[in-house]
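Before any comments, here is the structure.
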Amino acid sequence: IFPLSEKIENINDQYWTLRAEEVPEEEKNLGPQSRIIHVYHFTKEANPNQQVQNFGEPFFFVIHEGETLAEIKERIQKRLQVPDEEFAKWKFAFLSLGRPEYLQDTDVLSNRFQRRDVYGPWEQYLGLEHPDTTPKRAYQANQNRHTFEKPVKIYN
């Protein structure tokens with residue numbers, strides 16, 4: 001997250017993957033006990049090391065002191081507009097350094113996200129485990145392996 005005073009031309013896009021998103025109203029005036037967390041979609045590799053593979057668009061999400069996973073799930077489903085039948089199959093996990101710890105609806109998330117000095121998105125995040133349903137694209141065999149499409153999404 002860059003400060004408002006940061007000029008776009010000063011951001012090193014050779015190092016960072018940049019993404020812009022509108023700040024939802026609920027995140028504009030946070031209380032002292034509210035916290036913004038990283039949320040990623042993931043699938044779990046079929047191996048004993050519990051490796052996870054993130055996919056899709058990650059996003060920020062505000063959680064409030066004492067809020068249960070059941071309450072958070074309801075807000076996430078509304079935000080992502082996922083049908084009930086599909087959403088019922090999703091699993092939710094607290095991930096710390098790539099290791100998932102699956103959560104129950106009664107778990108209080110603010111108890112998990114205690115540290116305020118976590119800046120790297122990979123250190124701690126809420127994971128949404130579900131199949132990756134995005135269509136796969138066929139790429140040319142001679143395509144440079146370092147080249148990838150950079151999506152730009154603008155919502156009015």
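Just so it is clear, the structure is predicted and the values come from calculations on it, not from any experiment. The figures here come from the full heavy-atom set of this structure, side chains too, leaving out hydrogens, waters and symmetry mates.
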(Q) Pair Val52, Tyr40 - check side chain to side chain contact (heavy atoms under 4.5 Å, CB included), show working. (A) CA-CA 11 Å; Val52 299; Tyr40 284 81; over 6 Å; no

Q: Please lay out, stage by stage, how Arg112 and Leu103 fare under the test side chain to side chain contact (heavy atoms under 4.5 Å, CB included).
A: CA-CA 10 Å; Arg112 306 283 178 148; Leu103 301 168; 3.7 Å; yes

Q: Quick one: pull up CD in Gln81 and CZ in Arg79 and give me the separation to the nearest 0.5 Å.
A: 11.0 Å

Q. Taking the inter-plane angle between the rings of His130 and Phe55 on a 0 to 90° scale, is it parallel (under 30°), tilted (30 to 60°) or perpendicular (over 60°)?
A. perpendicular

Q: For the pair Arg75 (side chain) and Val62 (backbone), establish whether a donor and an acceptor sit closer than 3.5 Å, ignoring hydrogens and angles.
A: yes

Q.
I'd like to know whether His64 forms a side chain to side chain contact (heavy atoms under 4.5 Å, CB included) with Glu71, so could you lay out the CA-CA distance, the side-chain angles of the two residues, the decisive distance to 0.1 Å, and finally the verdict.
A. CA-CA 10 Å; His64 306 289; Glu71 295 167 311; over 6 Å; no

Q. What are the two closest non-hydrogen atoms of Tyr125 and His38, and how far apart are they?
A. CB-O, 3.2 Å

(Q) Hydrophobic clusters here meaning ILVMFWY residues chained together by side-chain heavy-atom distances under 4.5 Å, can you tell me if Trp90 and Val39 are in one? (A) yes

(Q) I'd like to know if the side chain of Glu129 reaches the main chain of Phe42, judged simply by a donor and an acceptor atom lying under 3.5 Å from each other, with no hydrogens or angles considered. (A) no

Q: Flag yes if Phe59 and Leu109 sit in one hydrophobic cluster, no otherwise; membership is Ile, Leu, Val, Met, Phe, Trp, Tyr, and two members link when side-chain heavy atoms are under 4.5 Å apart.
A: yes

Q) Can Leu69 be reached from Val82 by stepping across I, L, V, M, F, W or Y side chains whose heavy atoms are under 4.5 Å apart? A) yes

Q. In Å and rounded to the nearest 0.5 Å, what is the CD1 to CG distance from Ile72 to Leu126?
A. 7.0 Å

Q: Test side chain to side chain contact (heavy atoms under 4.5 Å, CB included) on Leu80 and Leu128 and set out the steps.
A: CA-CA 11 Å; Leu80 298 179; Leu128 314 178; 4.0 Å; yes

Q: Fit a plane to each ring of Phe87 and Phe92, take the angle between them on a 0 to 90° scale, and name the class: parallel (under 30°), tilted (30 to 60°) or perpendicular (over 60°).
A: perpendicular

Q | Neighbour count above 12 (heavy atom, 6.0 Å) for Glu86 CD | A | yes

Q: State the OG1-NZ distance between Thr68 and Lys73, to the nearest 0.5 angstrom.
A: 9.5 Å

**Q.** Atom pair OG (Ser110) and CD1 (Ile37), whose distance is rounded to the nearest 0.5 Å
**A.** 10.0 Å

